[in-house]
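The model shown is predicted, which means the values in this text are computed figures rather than measured ones. Both backbone and side-chain heavy atoms feed into the values below; hydrogens, waters and symmetry mates do not.
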Amino acid sequence: MAISLPLLSLNHISRVVKDVQASIDFYVNVLGFIEIKRPSSFDFEGAWLFNYGIGIHLIEGTPEPRSRVLNAKADHLSFQSDSLPAVEERLRRMGVPFIKATVDEGGIRVTQVFMHTPDYETIEICNCDCLPVVPLSGNLCGKALSKEDLGVCRPRVDLASPATSQQLQVQQKLVG
């Protein structure tokens with residue numbers, strides 16, 4: 001059995017974007033991120049955003065060409081929601097085009113909403129946590145799991161939580 005790296009969590013993803021401000025507006029106004037301080041020593045334009053326990057690092061540049069057609073099978077970044085009807089209503093009010101898809105598995109229905117960022121990266125919002133996490137190898141989160149353990153590695157993180165607030169305070173101290 002291979003020994004995995006001693007990882008704790010996903011820290012951030014980076015996205016090359018054509019227009020940093022347009023991307024900030026999307027991630028802040030549509031997805032609910034907040035802009036946070038980034039190191040001033042960087043010699044390129046960009047922005048750092050944070051929420052839901054994850055950072056989004058925007059880097060100004062020339063993004064890879066992407067299809068302008070929404071496709072549920074495209075590479076995407078997915079966010080969890082417990083109110084897809086509210087998500088759909090808000091997207092309609094904001095004029096953000098989206099498509100819907102569903103996955104039916106063992107009597108469980110997952111609803112997915114897909115939209116594009118300003119650079120045509122695909123974003124999914126779903127109720128995917130209703131699907132059980134069933135490891136094929138019997139090992140997840142560094143231990144063998146029983147049926148009772150399924151889902152223990154899927155904490156929900158929000159900006160208002162004390163742990164997230166503490167992460168932001170530590171990051172603020174690190175970057176000055």
Side-chain angles (χ1 to χ4, degrees), residues 1-17 20 23-24 26-28 31-66 71-82 101 103 105-106 108 110 112 114-117 119-176:
M1 180 164 109
I3 298 175
S4 63
L5 298 174
L7 305 179
L8 298 175
S9 65
L10 177 64
N11 179 269
H12 71 273
I13 63 162
S14 63
R15 297 288 193 203
V16 175
V17 299
V20 172
S23 293
I24 290 170
F26 175 84
Y27 282 99
V28 168
L31 297 178
F33 280 79
I34 63 165
E35 190 171 4
I36 61 172
K37 183 176 170 78
R38 69 190 276 266
S40 59
S41 61
F42 286 158
D43 63 353
F44 56 92
E45 293 299 315
W48 283 11
L49 306 160
F50 186 83
N51 202 352
Y52 316 110
I54 184 173
I56 305 279
H57 294 184
L58 304 175
I59 301 167
E60 186 175 71
T62 304
E64 293 293 321
R66 292 185 175 84
N71 178 356
K73 295 179 186 173
D75 289 341
H76 60 272
L77 178 61
S78 180
F79 293 93
Q80 179 66 33
S81 176
D82 59 3
V103 176
E105 179 67 29
I108 298 170
V110 172
Q112 304 163 294
F114 295 89
M115 73 196 85
H116 279 148
T117 68
D119 290 299
Y120 299 99
E121 295 169 316
T122 302
I123 300 290
E124 172 190 9
I125 301 177
C126 67
N127 63 336
C128 298
D129 73 345
C130 63
L131 282 174
V133 176
V134 180
L136 297 178
S137 67
N139 185 336
L140 184 66
C141 300
K143 69 174 192 165
L145 296 180
S146 67
K147 287 182 181 178
E148 294 77 32
D149 292 322
L150 294 178
V152 297
C153 300
R154 302 180 81 184
R156 292 183 182 205
V157 178
D158 66 43
L159 197 55
S161 77
T164 302
S165 295
Q166 185 178 14
Q167 275 184 317
L168 283 171
Q169 290 170 1
V170 168
Q171 184 177 22
Q172 186 72 20
K173 287 178 186 174
L174 290 175
V175 296

**Request:** Kindly write out the residues that satisfy side-chain hydrogen bond (donor to acceptor under 3.5 Å, both in side chains) with S78, not counting sequence neighbours, or none if the list is empty.
**Result:** E124
**Complete:** Rounding to 0.5 Å, atoms CD (E121) and CZ (F26) come to a distance of 9.5 Å
**Asked** If you look at every heavy atom in G32 and N51, which pair is closest and at what distance?
**Response** O-ND2, 2.7 Å
**Complete:** Rounding to 0.5 Å, atoms CG (D119) and OG1 (T62) come to a distance of 10.0 Å
**Message:** Do S23 and T117 have side chains that approach each other closer than 4.5 Å (heavy atoms only, starting at C-beta)?
**Reply:** no
**Prompt:** Using the ring of each side chain (for Trp, its six-membered ring), is W48 parallel, tilted or perpendicular to H57, with breaks at 30° and 60°?
**Reply:** parallel
**Message:** What's the separation between atom CD1 in I108 and atom CG in L131, rounded to the nearest 0.5 Å?
**Reply:** 5.5 Å
**Request:** List for me each residue that meets side-chain contact (heavy atoms from CB on, under 4.5 Å) alongside F44, sequence neighbours excluded, and say none if there are none.
**Result:** R38, F42, I59
**Item:** Value rounded to 0.5 Å, distance of CG in L58 from CD1 in I24
**Value:** 6.0 Å
**Residue pair T122 / F114: nearest heavy atoms and the distance that separates them** = CG2-CD2, 3.8 Å
**Asked** With N71, which residues qualify under side-chain contact (heavy atoms from CB on, under 4.5 Å), at least two apart?
**Response** K73, A74
**Item:** Any Q112 side-chain heavy atom under 4.5 Å of I125 side chain
**Value:** no
**Message:** So, using side-chain contact (heavy atoms from CB on, under 4.5 Å) as the criterion, who are the partners of L77 when residues are at least two apart?
**Reply:** I13, R15, I56, F79, I123
**Asked** Is any side-chain heavy atom of Q80 less than 4.5 Å from a side-chain heavy atom of N127?
**Response** yes
**Asked** Does the pair C126/C128 show an SG-SG distance of less than 2.5 angstrom?
**Response** yes
**Asked** Minimum heavy-atom separation for Y52 to L31, with atom names?
**Response** OH-O, 2.5 Å
**Prompt:** Quick one: side-chain contact (heavy atoms from CB on, under 4.5 Å) partners of E45, sequence neighbours excluded?
**Reply:** E60
**Message:** Rounded at 0.5 Å granularity, tell me how far OH in Y27 sits from CZ in F50.
**Reply:** 15.0 Å
